[in-house]
Amino acid sequence: MNILSDYHVHTSFSGDCSVSPELMVQSAVDRGIRHLCLTDHMDYDYTDGGVLFEFDPEEYFRRLRLIKDSFDGQIDLSIGIELGLQPYLSKKHHNLVFSYPFDFVIGSIHLVHGHDPYFPSFFEKRTEQDAYQEYFQCVLQNLKAYSNFDTFGHLDYVVRYGPNKNQYYSYEKYQEILDEILRTLVKRDIGLEINTGGYKYGLGSPNPCTEIIIRYRELGGKIVTLGSDAHDPVYLAYEFDRTAELLKTCGFQSYYIFHNRKPEEIGL
């Protein structure tokens with residue numbers, strides 16, 4: 001496996017995962033993963049679906065530090081978080097990430113005006129194209145409101161759940177707003193996450209799609225991070241060999257991991 005760093009992984013600290021962090025880390029060790037970052041969900045005010053996506057940061061750090069000690073010398077374990085961005089939460093997110101010594105912070109969009117594209121109701125009473133456009137508009141709105149995170153997670157997450165997924169989706173169809181998003185990421189030195197969950201959902205590509213990855217590089221983007229978005233150990237480093245080859249075809253020769261919020265380059 002060319003890529004031995006998985007920087008988007010969930011555990012039972014996330015409301016949609018039942019796997020203990022100890023088991024997830026042991027599974028990563030067994031898979032030969034060298035660098036692992038646990039990035040559990042912190043989606044304040046998640047109002048869709050009745051799931052609580054919040055955890056106690058004190059308990060999170062207490063437990064993960066014990067795990068780091070117990071796996072010392074076996075794996076480089078980092079402590080991260082995935083923030084569920086909403087514009088009015090900017091101050092709350094800022095206070096959180098500066099109150100605890102996170103190694104890595106992902107910023108992601110799961111709610112669009114209170115609704116998660118995961119649920120079919122998000123696509124009701126409008127076209128798929130309009131739903132995708134609203135999602136990208138929400139991404140841009142959030143980036144303008146808050147940007148103190150290290151990488152942007154699964155940029156075209158919405159496509160995983162569309163009625164036709166990516167059958168009629170393309171970068172070109174949303175180029176104007178996607179370019180504005182990518183320019184904002186580059187300007188603010190925010191990485192682009194290559195999330196292999198897209199393969200799991202049958203897209204034939206990661207999130208975001210290949211054309212967006214290429215365009216990010218064309219616009220001056222250098223920092224890409226790799227994450228499986230695993231909620232089950234079986235998906236750790238999912239399709240990472242395939243993704244390494246994809247990144248090379250997109251013009252990248254390296255990817256990044258983070259410690260203490262500082263990027264570290266690793267060659268492909």
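Residues take their numbers from the sequence shown, with the count starting at 1.
A heavy-atom distance below 4.5 Å is not found between the side chains of Phe102 and Asn260. Put simply, the side chain of Tyr60 reaches to within 4.5 Å of the side chain of Ile79, judged on heavy atoms. Annotation: side chain of Gln141 is not in contact with side chain of Lys144 (no heavy-atom distance under 4.5 Å). For the pair Leu96/Tyr44, a side-chain contact is recorded, criterion being any heavy-atom separation below 4.5 Å from C-beta on. Side-chain contact between Ile81 and Asp40: absent, with no pair of heavy atoms (C-beta onward) separated by less than 4.5 Å. Side-chain atoms of Leu155 and Glu193, non-hydrogen and from C-beta on, never get closer than 4.5 Å to each other. Proximity of Thr39 to Tyr7: side-chain heavy atoms (C-beta onward) are nowhere separated by under 4.5 Å. Using a 4.5 Å cut-off on side-chain heavy atoms (C-beta onward), Leu185 and Leu192 make contact.
Tracing side-chain contacts under 4.5 Å through hydrophobic residues (I, L, V, M, F, W, Y), one reaches Phe119 starting from Tyr157; they form part of the same cluster. Under a hydrophobic clustering in which Ile, Leu, Val, Met, Phe, Trp and Tyr are joined whenever their side-chain heavy atoms come within less than 4.5 Å, directly or via other members, Val51 and Leu83 fall into the same cluster. Under a hydrophobic clustering in which Ile, Leu, Val, Met, Phe, Trp and Tyr are joined whenever their side-chain heavy atoms come within less than 4.5 Å, directly or via other members, Leu140 and Leu182 fall into the same cluster. Put simply, Phe71 and Leu36 are part of the same group of oily side chains (I, L, V, M, F, W, Y) that touch within less than 4.5 Å, one to the next. The cluster map of Ile, Leu, Val, Met, Phe, Trp and Tyr, joined by side-chain heavy atoms under 4.5 Å apart, puts Ile214 and Ile181 in different clusters.
Atom CG of Leu52 is separated from atom CG of Asp43 by 10.0 Å, given to the nearest 0.5 angstrom. Considering CZ of Phe252 and NZ of Lys222, their distance stands at 11.0 Å, rounded to 0.5 Å. Of the inter-residue distances, the one linking Gln253 atom CD with Leu247 atom CG reads 10.0 Å to the nearest 0.5 angstrom. Separation of atoms OH (Tyr199) and OG (Ser205) is listed at 6.5 Å; rounding is to 0.5 Å. The structure places SG of Cys138 at 8.5 Å from CG of Leu111, a figure rounded to the nearest 0.5 Å. Taken from CG in Asp6 to CD1 in Ile75, the straight-line distance is 9.0 Å, to the nearest 0.5 Å.
Crowding of Lys68 atom NZ: a count of heavy atoms from other residues, nucleotides or ligands under 6.0 Å exceeding 12. Enclosure of atom NZ in Lys173 by more than 12 non-hydrogen atoms of other residues, nucleotides or ligands within 6.0 angstrom is indicated. Within a 6.0 Å sphere centred on NZ of Lys248, other residues, nucleotides and ligands contribute more than 12 heavy atoms. Remark: Glu176 CD is loosely packed, at most 12 non-hydrogen atoms of other residues, nucleotides or ligands lying under 6.0 Å away.
Because its NZ or CZ atom is not both nearer than 6.0 Å to the ring centre of Tyr201 and within 45° of the ring axis, Lys165 does not count as a cation-pi partner of that residue.
Residues Asp150 and Arg261 are paired through a salt bridge, judged by an N-O separation under 4.0 Å between the basic side chain and the carboxylate. Ion pair Asp179/Arg215 flagged as a salt bridge, since at least one NZ, NE, NH1 or NH2 atom sits closer than 4.0 Å to an Asp/Glu carboxylate oxygen. A salt bridge does not link Glu180 with Arg183: none of the charged nitrogens is closer than 4.0 Å to a carboxylate oxygen. Using a 4.0 Å cut-off between charged side-chain N and carboxylate O, Glu22 and Arg63 make a salt bridge.
Note on ring orientation: taking the six-membered ring where Trp is involved, the planes of Tyr174 and Tyr132 are tilted (angle from 30° to 60°). The aromatic rings of Phe136 and Tyr169 lie parallel to each other, with less than 30° between the two planes, well short of the 60° mark.
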Residues Asp156, Asn207; criterion side chain to side chain donor-acceptor pair (under 3.5 Å); working and verdict: CA-CA 6 Å; Asp156 52 10; Asn207 298 113; 2.9 Å; yes
From CA spacing to verdict: side chain to side chain donor-acceptor pair (under 3.5 Å), Tyr255, Ser5: CA-CA 9 Å; Tyr255 65 98; Ser5 310; 3.1 Å; yes
Step-by-step side chain to side chain donor-acceptor pair (under 3.5 Å) determination, Glu82 to Ser108: CA-CA 7 Å; Glu82 182 181 12; Ser108 297; 2.7 Å; yes
Side chain to side chain donor-acceptor pair (under 3.5 Å) evaluation trace for Asp76 with His259: CA-CA 10 Å; Asp76 170 29; His259 294 101; 2.7 Å; yes
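With sequence neighbours excluded, the residues that form a salt bridge (Lys or Arg N to Asp or Glu O under 4.0 Å) with Arg160 are Asp229.
For the side chain to side chain contact (heavy atoms under 4.5 Å, CB included) criterion with Thr11, the lone passing option out of Val25, Val19, Leu38 is Leu38.
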Review item, side-chain donor-acceptor pairs of residues 26-33, under 3.5 Å, at least two apart:
| residue | atom | partner | partner atom | Å |
| --- | --- | --- | --- | --- |
| Gln26 | NE2 | Asp30 | OD1 | 2.9 |
| Ser27 | OG | Leu23 | O | 2.8 |
| Arg31 | NH1 | Leu236 | O | 3.1 |
| Arg31 | NH2 | Leu236 | O | 3.2 |

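Ring pair Tyr161/Phe122: centre-to-centre distance not below 6.0 Å.
Sorted by first then second residue, the ring pair (Phe, Tyr, Trp, His ring centres under 6.0 Å) pairs that include residues 206-246, not counting sequence neighbours, are His10-His231, His41-His231, Tyr235-Tyr238.
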